[in-house]
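See structure below.
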Protein chains: 2
Amino acid sequence: MAEKHLYGAVLLKAKEILDFISNSETAPGLKEISEHVDISKPTVLKILQTLEYCGFVRSDGKIKQYYLGTIFIKYGNESTQSFNLVKIAMPFLNKLRDETTEAVNLGIVEKDRVVLLDRAKSTNSIHFDLELGGTMHMYSSAMGKAILSHYSDEQIDNYLDQTALKPLTKNTLVTRKDLLNNLSEIRNCGYAIDDIENQEGVYCIGFPLVKNGQIFGGFSISAPVFRVDEQIIANWVKLGLETEKNIVDQF
Amino acid sequence: MAEKHLYGAVLLKAKEILDFISNSETAPGLKEISEHVDISKPTVLKILQTLEYCGFVRSDGKIKQYYLGTIFIKYGNESTQSFNLVKIAMPFLNKLRDETTEAVNLGIVEKDRVVLLDRAKSTNSIHFDLELGGTMHMYSSAMGKAILSHYSDEQIDNYLDQTALKPLTKNTLVTRKDLLNNLSEIRNCGYAIDDIENQEGVYCIGFPLVKNGQIFGGFSISAPVFRVDEQIIANWVKLGLETEKNIVDQF
DNA sequence: AAATGACGTTTCTTATTAGGAAATATAGTC
DNA sequence: GACTATATTTCCTAATAAGAAACGTCATTT
């Protein structure tokens, strides 16, 4: 975790603490936080008090439990809105969701991972929603592969050198050869399929967003695998490619 | 800004910087940030570098511009989900939105202000969306007044002692007497009206969420004033009160 | 093409802040 | 009413932060 000569030791500690709170199933207390981030209780306490003063955490109860503060709702919303892509694409993606009834997700790549910027929720009662701001691997997700397929050979090599292709399901492409073949297919047909490669039971079709040879994001349609068949997929591909064109034209 | 004996000077500075970025219309650079938060450029630079390393900001360009990081999308989503209220209430509020076609907002009170936790967006093409995580005054908003009406006399006094009733529109209730009268009406009828008291052109009906005498939040229906009339309001009140009952029963 | 100006970045030294062991307080439990 | 688990305070030393000034870099002007 420690990097070169980074200023702001307290900030790095605060980040660890926030991440731990963020990743905890149930809101943790001081002792639990202190143990997990491996910083003494007094120090963690002092940081938590300042974080609370700033609105970055809120706490509850006498044996205190810490939660992420509501200010992050504001910051998160503003982070999302800072991407022109979101403002431009979401109207089209909402329309695509209405046409398909399935979840439609919008993302960009940051540090070799796909980040979910926004989404249109499925209107079906059975569905999987991705968590806003959550990340996925490029190699396993439809959106990620769609984006990766527009990288240069050098960039792809670079990515693969730095990334272990761990299986996430039994369908995950885990060899360089399989993935490169798939990327080549994607480049040809213009869309990517994730047939339960990223998450059990979930089928996705991903589309790249490219203008002037520059990839600036991607989107995907995501559905429980039991709801898809060849005809439906063909229709989603058609609708998705139209949507892609509309978004790119506006960009 | 400086409080008692708060540990973590860097955190407080980081918070100032994040707030400044958050409140800027266009993404600011180092010089602009340094001037506005009144901290020297080297210090701001070092903090920004650490914030960027943590994913709290991202930057663009050679003459750098700073934006809030995408990690806040995740944190914000998790902050929202940490409220059981959101999980319980939103299905009912989505239904209420479908019935009214207007924006339906869910909030709680934090430090004397209403915080917007989540919302169902209006389906009308002309509409005002509140910003997620944004805050409103209690005295001027329908949701705020609905909540305030369930405070004890002492709590209300306390609130009024600490709050200047500044007019936000020409209809804002700015005298203690008018507000107390209104709160008394709200207590009787069970809902609050904001007739362009909080924002130009916007009419809201607010409902408190109370269980066992304990106020735990509120919600509101919000519409452009030109779309409301007496009959519509009567219908929204009926639908809102039903929704309120459903949410409270589940809580 | 040289000069200017507007930023971002680095260096370096002193004053300030952070860190954690140990003691203490406080609440829940048996 | 003693016990246990957690939160909080104290206090001193080691580590960190802050900013003035100098420097680098890029874009624009003359």
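All heavy atoms count here, side chains included; hydrogens, waters and symmetry mates do not.
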Worksheet entry | Whole-Å gap separating C1' (D:dG19) and CG (B:Leu45) | 13 Å
Item to complete: Not counting sequence neighbours, which residues clear ring-ring contact (aromatic ring centres under 6.0 Å, His included) with B:Phe251? List them please.
Response: B:Phe216
Discussion item. Between P on C:dT9 and NZ on B:Lys31, what's the gap in Å once rounded to a whole number?
Written reply: 15 Å
Worksheet item: Do any of residues 55-70 of chain A sit with a heavy atom less than 4.0 Å from DNA chain C, and if so which?
Response: A:Lys62
Fill in: Summary of ring pair (Phe, Tyr, Trp, His ring centres under 6.0 Å) pairs that have at least one residue in residues 12-34 of chain B, sequence neighbours excluded
B:Phe20-B:His36
So which protein nitrogen or oxygen atoms get under 3.5 Å of nucleotides 11-16 of chain C's nitrogens or oxygens?
none

Practice prompt. Scan side-chain atoms only and decide if A:Gln65 and A:Ser59 contain a donor-acceptor pair under the 3.5 Å cut-off.
Written response: no
Worksheet item: Taking atom types as they are modelled, is there a donor-acceptor pair under 3.5 Å from the base of C:dG20 to the side chain of A:Lys41?
Response: no
Discussion item. Given D:dG19, C:dG20, C:dC7, identify the nucleotide with an atom nearest to the side chain of B:Ser40.
Written reply: D:dG19
Worksheet entry | Distance in angstrom units between A:Leu11 CG and C:dT17 P, rounded | 15 Å
Discussion item. Measure CG/A:Leu12 against P/C:dT17 and give the value in whole Å, please.
Written reply: 19 Å
Practice prompt. May I ask you to check whether B:Glu78 and A:Ser22 show a side-chain donor-acceptor distance below 3.5 Å?
Written response: yes
Item to complete: Rounded to the nearest 0.5 Å, what's the gap from CD1 on B:Ile33 to CG on B:Leu48? Could you check?
Response: 4.5 Å
Worksheet item: Separation of B:Glu35 atom CD from C:dA6 atom C1', in whole Å?
Response: 11 Å
Practice prompt. Can you tell me the distance, in whole Å, between the CG atom of B:Leu30 and the C1' atom of D:dT25?
Written response: 14 Å
Worksheet entry | A:Thr70 side chain near B:Phe83 side chain, heavy-atom distance below 4.5 Å | yes
Discussion item. Using whole Å, what does the distance between atom P of nucleotide D:dA7 and atom CG of A:Leu48 come to?
Written reply: 10 Å
Worksheet item: Does a side-chain heavy-atom distance below 4.5 Å link A:Leu12 with B:Cys54?
Response: yes
Item to complete: Not counting sequence neighbours, list each pair that qualifies as a ring pair (Phe, Tyr, Trp, His ring centres under 6.0 Å) and has a residue in residues 144-165 of chain B.
Response: none
Worksheet item: Counting only N and O atoms by type, is there a donor-acceptor contact under 3.5 Å from the side chain of B:Thr243 to the main-chain atoms of B:Phe92?
Response: no
Worksheet item: Once you round it to whole Å, what is the distance between C1' of C:dG8 and CD of B:Glu52?
Response: 13 Å
Practice prompt. Please check if any side-chain donor atom of B:Arg58 sits under 3.5 Å from a side-chain acceptor atom of A:Ser82, or the reverse.
Written response: yes
Worksheet item: Side-chain N or O of B:Thr43 less than 4.0 angstrom from OP1 or OP2 on D:dA17?
Response: no
Item to complete: Using modelled atom types only, decide if a donor and an acceptor are shared between the side chain of B:Lys145 and the backbone of B:Asp194 within a distance under 3.5 Å.
Response: no
Item to complete: Tell me which residues in residues 21-29 of chain B put a heavy atom below 4.0 Å from DNA chain C, sorted by number, or none.
Response: B:Gly29
